[in-house]
Number of protein chains: 2
Amino acid sequence: MKRKITLKQIARELDVSISTVSKALRNSAEISDDTKQKVQAFAKLYNYRPNNIALSLKNRRTNTIGIIIPEIVHHFFSKVISGVELVANKRGYNVIIGLSNESFSKEVINMEMLANGSIDGFILSMSKETLKLQDYHHFNETMTQGMPIVMFDRVVSEVKCDKVIVDDFNGAKKAVKKLIENGCKSIALITTKDYVSVGKLRTQGYLEALEEHQMPPKAELILKIDESLDYEAHLEALEKEIEQLFQSNPKLDGVFAVNEIYALLAMKVARKLGLDVPNDVQVIGFTDGVLSKHATPSLTTVSQHAQQMGEKAAELLIDKLESEFNSADEVFQTVVITTDLVERESTK
Amino acid sequence: MKRKITLKQIARELDVSISTVSKALRNSAEISDDTKQKVQAFAKLYNYRPNNIALSLKNRRTNTIGIIIPEIVHHFFSKVISGVELVANKRGYNVIIGLSNESFSKEVINMEMLANGSIDGFILSMSKETLKLQDYHHFNETMTQGMPIVMFDRVVSEVKCDKVIVDDFNGAKKAVKKLIENGCKSIALITTKDYVSVGKLRTQGYLEALEEHQMPPKAELILKIDESLDYEAHLEALEKEIEQLFQSNPKLDGVFAVNEIYALLAMKVARKLGLDVPNDVQVIGFTDGVLSKHATPSLTTVSQHAQQMGEKAAELLIDKLESEFNSADEVFQTVVITTDLVERESTK
DNA sequence: GAAAGTCACGAAAACGTTTTCGTGTTAAGA
DNA sequence: TCTTAACACGAAAACGTTTTCGTGACTTTC
């Protein structure tokens, strides 16, 4: 078990100085061809690679970016990571991940752990708890220390940084308009409580679409789920709620849900009540997850282009890292990724 | 945008030496109480945190572990990461990820990128291409340089290291036995080509279960899919193959598939051919993915306990890192995670 | 009052790089 | 032959820590 070889060892072995070795390997004009060849051959033989940590310390940059997300076992987030990793690698960066598990304190701890030199910048999506507490000090502190942040999906105007978001509003509006054009007269919305910014925007899109078609919104058609519960553990409760929605609105003929699970459950309930999808009820979900594609009937969804979000976030961050940022003219951009309506079998 | 404060700055500010500051912060007995208080108060005020990179260089360990996986947008792998992250964080480690995209060269490049000091050890699952090429030099070279590796799921006996695997053989056997006990007389196997070790073992489990019940295996009941194609892009071709399987075996009443997608497609084909699941055909898949749970009918599967695999892999790696490993008595263990049959609606 | 011991702190090395600057040798020019 | 320039290389600092060892000032002891 031989350790990795260092410049010092090469220098000692070849009886030259460390500086000479370093220069020879970087093909400096200061070094004679003879010496260069000798050193390079030796280095190749022993498979020399500069030590990243030493370089990081010297250069005061790690070429590593940190991702903090609520959870990784989630199609949307893993797609985003995939996108980030793609461009990060292309541009010579590594990716280090931290999971907040939707917890504020874990988010803070994770950020502190990484902010002490391990990474050059953050790409993150806030935890639900952070959104609820509205405590953003850790983001702002990180930024005043000169570490850039790019936020995606779950953002908040109180934090001034680059952002990549989905046009939730228009995506929702497009979906609901589609339902209306397809003849739906009574369209339900299944959404989350309002503290998740994303849910709020989608709700607004739903309302706006109705308004544009002179369809007055009805409170009893809007179901707000309390997402503080982990839904995987409460599927039955959720299903009951949705069933209630159907039963108290017998004329229901369209459902727009702000995520895949809600949409799938709506289809399940419909089937259970003897309704056919899409002939009796049409359903549209949000998120281009794997469930929608393989459901029966397959689910029409608003696609968020998660991978593209990740790619864009990485571009923004690395651009900022590599610009000789003139601390003064800090100008932040918000990139909006447009959604697409992917039509499948759950709509006519 | 003030940079993070360093020992040197504190020392200058307080007019003491760097050593004194360092010792004061670590509560050394060498330092007087007065000085300690002064230094600690100052450090707290300026929110001093030691620089990780400098520590890594000094200690020659980064407290970071590297994960290399074929892809992250995959329920199994993200669950594994989740498990790794859980115990890594608990034990004071960070996690850095690299994706091979099932490509040999990306696997090699990623490993080289991380092996130069960025991490202390690897947790990885090999790419399909690596399995096909049977070229394992990068693993062995990494290990001779003193960097431990823990492999999971896709392993190979040629590489001597700690391993965490699923009992694919018994999992498959259990599943097929279940089908037999449920009255199936003609059970198909949908699997992959043999170079993926995992697929081979599951096939063997299938055969053994049949044999134990004196049911001679029939070649026409075994469908081997060429997985070098990305299946998401070839769903229709796949579906055709499965349809053919059904049509050339009219008495088919049971299907065991080595993954979720194949199982779901089998159910889809069955429905299309007017067969009811589970009354006419019973289906079991492998992997405790999210699709199985939300399919209609929900799919009975062999659960792999991916998260547990990740946790165990992390335990193994960190244990090895923290043992003063006496290079000599290298002894590697292979931990087998037992599978469970999760019964849902696709079986009787 | 001198020897010994304690206390509180600082200097410096080390981890592995890169880079600036200095320096000794040789060759060219006057 | 002496000055100068080019050449090839080495010393040292710097990145931010921790830790070993040395040292000056006091205090204690007989």
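Below, chains carry the letters A, B, ... as their sequence lines are ordered, and counting in each starts from 1. For clarity, every value in this text was computed on a predicted model and none was experimentally measured.
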Given atom CD1 of Ile53(B) and atom P of dT17(C), what is their separation to the nearest angstrom?
14 Å

Tell me the interatomic distance from Asp34(B), atom CG, to dA8(C), atom C1', rounded to whole angstroms.
11 Å

Taking the basic N atoms (NZ, or NE/NH1/NH2) and the acidic carboxylate oxygens, is any pair closer than 4.0 Å for Lys38(B) and Asp33(B)?
no

Before accepting this row, confirm whether a basic side-chain N of the pair Glu322(A)/Arg91(A) lies closer than 4.0 Å to the acidic partner's carboxylate O.
yes

Most 5' of Lys4(A) and Ile31(B) on DNA chain C, judged by nearest nucleotide
Ile31(B)

Nucleotide dC15(C), atom C1' - distance to CD1 of Ile5(A) in whole Å:
16 Å

Note, Val335(A) side chain near Glu315(A) side chain (heavy atom, < 4.5 Å)
no

Just how far, in rounded Å, is C1' of dA14(C) from CZ of Arg60(B)?
9 Å

Report which part of the nucleic acid Leu55(A) touches: base, sugar-phosphate, or nothing (heavy-atom distance under 4.0 Å, all strands).
sugar-phosphate

Among the candidates dT18(C), dG10(D), dT18(D), find the nucleotide nearest to the side-chain atoms of Leu7(A).
dT18(C)

Nearest-neighbour nucleotide for the Thr6(B) side chain, dT17(C), dC9(C), dT17(D) considered:
dT17(D)

Check every strand shown and say whether Ser56(A) touches a base, only sugar-phosphate, or nothing at a heavy-atom separation below 4.0 Å.
nothing

Rounded to the nearest angstrom, tell me the gap between atom NZ in Lys58(B) and atom C1' in dA13(C).
8 Å

Nearest-neighbour nucleotide for the Lys8(A) side chain, dG10(D), dG10(C), dC15(C) considered
dC15(C)

Is the phosphate of dT18(D) approached by Ser22(B) (side-chain N or O, under 4.0 Å from OP1 or OP2)?
yes

Does dC15(D) have its OP1 or OP2 closer than 4.0 Å to a side-chain nitrogen or oxygen of Arg61(A)?
no

What is the distance from CG of Leu25(B) to P of dC9(C), rounded to the nearest Å?
13 Å

Which part of the nucleic acid, if any, lies within contact of Arg49(B), taking any heavy atom under 4.0 Å across all strands shown: a base, the sugar-phosphate backbone alone, or nothing?
sugar-phosphate

What integer distance in Å separates Leu57(B):CG from dA14(D):C1'?
12 Å

Rounded distance in Å - CG (Leu14(B)) to C1' (dC9(C)):
14 Å

When you check the phosphate oxygens OP1 and OP2 of dT19(D), does a side-chain N or O of Arg26(B) lie under 4.0 Å from one of them?
yes

Phosphate contact (dA8(D) OP1 or OP2) by Thr35(A) side-chain N/O below 4.0 Å
no

Identify whether the distance between the nearest side-chain nitrogen and carboxylate oxygen of Lys320(B) and Asp120(B) falls below 4.0 Å.
no

Counting N and O atoms only, with roles assigned by atom type, does the side chain of Asn27(B) sit under 3.5 Å from a partner on the main chain of Lys23(B), one being a donor and the other an acceptor?
no

Test item: Arg154(B) side-chain N/O and Met126(B) main-chain N/O as donor-acceptor pair under 3.5 Å:
yes

Tell me if a side-chain donor or acceptor on Lys160(B) pairs with a main-chain N or O of Asn140(B) at a distance below 3.5 Å.
no

If you measure from the Lys or Arg side-chain nitrogens to the Asp or Glu carboxylate oxygens, is any gap between Lys106(B) and Glu85(A) under 4.0 Å?
yes

Nucleotides 20-28 of chain D: protein proximity per nucleotide (B base, S sugar-phosphate only, - neither; heavy atom, under 4.0 Å)
BB-------

Does Ala54(B) or Ser32(B) map to a spot on DNA chain C nearer the 5' end, using the closest nucleotide for each?
Ser32(B)

